[in-house]
Amino acid sequence: MLEEATKARDEGNLEYYIDLMFKVENFYLEQARVLINQARFLDASALFIEAEAVNYEMKAYLQEILDLLSNNGSEDQELKESIQQLKNLVSTNAEFEEAFSYFLKGQDYKLNRNPGTACGYFKQAHELFETLGSEHNKKIYNLYADYSKAMEKGSSGLESMMLGNFNAAKASFQHAQLFFGEVEEELPPLDDNLEDQFLYQVLHQSLPIDINGCEILYCLADARDQLSHGNYSEAAKQFSVLADLYQQNIQKMKGTMISEAIMHFSVGDYYNFLGYSYLAEGEALREQERWDEALQRYAEVKDVWKKGAAAYLKSGHPQGLANQEFFINEISKLSELYVKRCKEDKDQKTQIQELKNQIQTMIDSMSKSGFTVNNVNEVNSIIKQNVEILQKLETNIKESIKADLLSRLDGIPLPNEKREHIRNEANKLITSNKKGNEFMEDVKVFTDDLKNIISNVGDIAKPLMPFVKAISLLI
């Protein structure tokens, strides 16, 4: 068709040329509309740019004719005016198509989680639509100027949220809601006689979803803010609200021009938020030490995210495929992080409780033994005192063995065999590294041994008796 149009232009057949070029433009725009419904915004933007180029080519050719008429001194004012009007029309069409191509690019980058770049395109679209609206006083241009501004604010909120600046994100989403509300108030009802039917249809179908989506994003920013601060119960509520809002959005999409790809993507998002609500509930239950309930919630997260990953895969959209991979990784992380931490917390709490029970048993036992004990600090104090006493006792026993036993042992008329046995066992005690009960047990064995020797050898061992009695009193 372009070749035919070029031939008509070369032959000077202006009317046929213009007719063919408008048909080429409409072909591009019709194809773009199909792609828009499939959420293939970047491809649709490229077709709008092609349509823009068609109009600029017509504009250049019409300017050539006007220059030619002027140079030839034509006085056909009516012809000049009609060509000028036609030139103005194709110029306006080109400017609109440029503005809409920027708007579509913004949509594509927003959908693909690149909100910073999306902001730039929405800003350019807003400025161009605003200029068109002021120059031509056409309602549809003003509506799309405000719509682009709302999308710019929404994208700015997304960027802030991705950077972890949740308060700035919430402020941007509130601004976006304000602009969306203004567009909604000014949007006329659909009418078969309404000019620019498709553009109005886009607004009627997209605006309720975008308004709902902006509310969703505000809740998401707040939910993530709560989750990052460990306010798990509040985060769970917000993620639950998000899931409900997404269900509403999915219902609104049914019966519209919205593609199956977008529907599946939205279902994936629904399961995404539902999973996070369960995860936050699980964390809240873990903090409340309701371990089994928490583990059950984590298991439900796993099931929900599996469904979400499958929905993202069905969308066939590049970002959907990326989200599918992300949630498969998150499912693995559930076991590695959340489930493991819950079980470790449970085990640690059990161990702490067992230790508390042991300490309480010790306190009860010491209380029965006559010690006044109310807490662990008092237990520690008593134990410390007793350790010091025991250390002094061990030292006194060793000194007594030296002074009261070994120094007199040679003067006692014992059989050599018995004397050397006593000497060896006594030296073992003096050089022993044992402490506390172990040492005192060895001392008891030694004194019992001495008692047996005294009993066996008779009166000759009586000089050992004072030492045995003294040691027996100490132990």
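Bear in mind the structure is a predicted one, so any value in this text is a computation, not a measurement.
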**Study point:** Donor on one side chain, acceptor on other, T117 and N114, under 3.5 Å
**Key:** yes

Point to revise | Pair V183-L207, side chain to side chain contact (heavy atoms under 4.5 Å, CB included): steps then yes or no | key: CA-CA 8 Å; V183 175; L207 197 57; 3.8 Å; yes

Check your understanding: Excluding sequence neighbours, so at least two apart, what forms side-chain contact (heavy atoms from CB on, under 4.5 Å) with E52?
Key -> I49, Y56, A94, E97, E98

Exercise for review: Report the relative orientation of the aromatic rings in F239 and F273; use parallel for angles under 30°, tilted for 30 to 60°, perpendicular for over 60°.
Suggested key: parallel

Check your understanding: Do any N or O atoms from the side chain of S277 and from the backbone of L274 form a donor-acceptor pair under 3.5 angstrom?
Key -> yes

**Study point:** K343 and V339, any side-chain heavy atoms less than 4.5 Å apart
**Key:** yes

Can you give each donor-acceptor pair under 3.5 Å made by side-chain atoms of residues 279-288, sequence neighbours left out, with the distance rounded to 0.1 Å?
unit_1	atom_1	unit_2	atom_2	d
E281	OE1	R297	NE	2.5
E281	OE1	R297	NH2	2.7
E283	OE1	R286	NH2	3.2
E283	OE1	R341	NH2	2.5
E283	OE2	R286	NE	3.3
E283	OE2	Y298	OH	2.5
R286	NH1	D345	OD2	2.7
Q288	OE1	R290	NH1	2.7

Check your understanding: Within the distance-only criterion (no hydrogens, no angle test), does the side chain of S155 pair as donor or acceptor with the backbone N or O of C119 below 3.5 angstrom?
Key -> no

Check your understanding: When you measure from the side chain of H126 to the backbone N and O of A145, does any donor-acceptor pair fall under 3.5 Å?
Key -> yes

Point to revise | Distance-minimising heavy-atom pair for R419 and L414 | key: NH2-O, 3.0 Å

**Study point:** Side chain N272, main chain G268, donor-acceptor under 3.5 Å
**Key:** no

Review point. Where is the tightest heavy-atom contact between A44 and I36, given as atom of each residue plus distance?
Key: CB-CG1, 3.7 Å

Point to revise | Heavy-atom donor-acceptor pair, S206 side chain to L203 backbone, under 3.5 Å | key: no

**Study point:** Backbone N/O of F41 and side chain of S45: donor-acceptor pair under 3.5 Å
**Key:** no

Check your understanding: With a 4.5 Å limit on heavy-atom distance, are the side chains of K402 and E399 in contact?
Key -> yes

Exercise for review: For residues F48 and Y28, establish whether the separation of their ring centroids is below 6.0 Å.
Suggested key: no

Check your understanding: Under 3.5 Å, side chain of S240 to main-chain N/O of A236, donor-acceptor pair present?
Key -> no

**Study point:** Under 3.5 Å donor-acceptor, Y246 side chain and Y271 backbone
**Key:** no

Practice item. Ignoring hydrogens and angles, state whether a donor on the side chain of D449 or H421 is under 3.5 Å from an acceptor on the partner side chain. Key: yes

Check your understanding: Does the side chain of M151 reach to within under 4.5 Å of the side chain of F179, using non-hydrogen atoms?
Key -> no

Review point. Do N212 side-chain atoms and P208 backbone N/O form a donor-acceptor pair below 3.5 Å?
Key: no

Check your understanding: Heavy atoms, side chains only, cut-off 4.5 Å: are I211 and E215 in contact?
Key -> no

**Study point:** Carboxylate-amine/guanidinium contact K444 E441, below 4.0 Å
**Key:** no

**Study point:** From CA spacing to verdict: side chain to side chain contact (heavy atoms under 4.5 Å, CB included), K138, N142
**Key:** CA-CA 7 Å; K138 198 171 180 180; N142 291 324; over 6 Å; no

**Study point:** Sequence-distant partners of N424, side-chain hydrogen bond (donor to acceptor under 3.5 Å, both in side chains), two or more places apart
**Key:** none

Donor-acceptor pairs are to be reported for all side-chain atoms of residues 160-178 against protein atoms at under 3.5 Å, with residues two or more places apart or in another chain.
unit_1	atom_1	unit_2	atom_2	d
S160	OG	S156	O	3.2
N165	OD1	A168	N	3.4
K170	NZ	D222	OD1	3.1
S172	OG	A168	O	3.3
H175	ND1	A171	O	3.1

Check your understanding: Is any side-chain heavy atom of L143 less than 4.5 Å from a side-chain heavy atom of Y200?
Key -> yes

Review point. What is the distance from atom NZ of K110 to atom CG of L158, rounded to the nearest 0.5 Å?
Key: 6.0 Å

Exercise for review: Let me see the working for I401 and L406 under side chain to side chain contact (heavy atoms under 4.5 Å, CB included), right down to the final yes or no.
Suggested key: CA-CA 6 Å; I401 290 171; L406 293 179; 4.2 Å; yes

**Study point:** pair D292-K346: side-chain heavy atoms closer than 4.5 Å
**Key:** yes

Exercise for review: Could you tell me the separation between the CD atom of E344 and the CD atom of Q351, rounded to the nearest 0.5 Å?
Suggested key: 10.5 Å

Exercise for review: Run the salt-bridge test on E127 and K123 with the 4.0 Å N-O cut-off and return the result as yes or no.
Suggested key: yes

Review point. Measuring from I422:CD1 to N427:CG, what's the distance to the nearest 0.5 Å?
Key: 12.0 Å

Point to revise | Listed partners of K434 passing salt bridge (Lys or Arg N to Asp or Glu O under 4.0 Å), at least two apart | key: D442

Review point. Roughly how far apart are L199 CG and I140 CD1, rounded to 0.5 Å?
Key: 5.0 Å

Practice item. Of all the heavy-atom pairs spanning V267 and A311, show the shortest one and how long it is. Key: CG1-CB, 3.9 Å

Practice item. Mind telling me whether F96 and F100 have parallel, tilted or perpendicular rings, with 30° and 60° as the class edges? Key: tilted

Exercise for review: Could you grab the distance from atom CG of N323 to atom CD1 of I328, nearest 0.5 Å is fine?
Suggested key: 11.0 Å

Point to revise | From CG (L220) to CG (L242), nearest 0.5 Å | key: 5.5 Å

**Study point:** Heavy-atom closest contact (F103 atom, S148 atom, distance)
**Key:** CD1-OG, 3.4 Å

Review point. Which atom pair, heavy atoms only, marks the closest approach of L227 to A235?
Key: N-CB, 3.8 Å

Exercise for review: Flag the pair Q124 / F129 as yes when at least one side-chain heavy-atom distance between them is below 4.5 Å, and no otherwise.
Suggested key: no

Study note, to complete from the structure: Heavy-atom closest pair (W305 atom, G275 atom, distance to 0.1 Å) is NE1-CA, 3.4 Å

**Study point:** side chain to side chain contact (heavy atoms under 4.5 Å, CB included) evaluation trace for E152 with K149
**Key:** CA-CA 5 Å; E152 180 191 347; K149 189 69 176 175; 3.8 Å; yes

Practice item. Find out whether the Lys NZ or Arg CZ of K307 is both under 6.0 angstrom from the six-membered ring centre of Y312 and within 45° of the ring's axis. Key: no

Exercise for review: Mind checking ring pair (Phe, Tyr, Trp, His ring centres under 6.0 Å) for Y109 and listing every partner two or more places apart, or none if nothing turns up?
Suggested key: Y121

Review point. Are side-chain heavy atoms of R423 and D410 found at a separation under 4.5 Å?
Key: yes

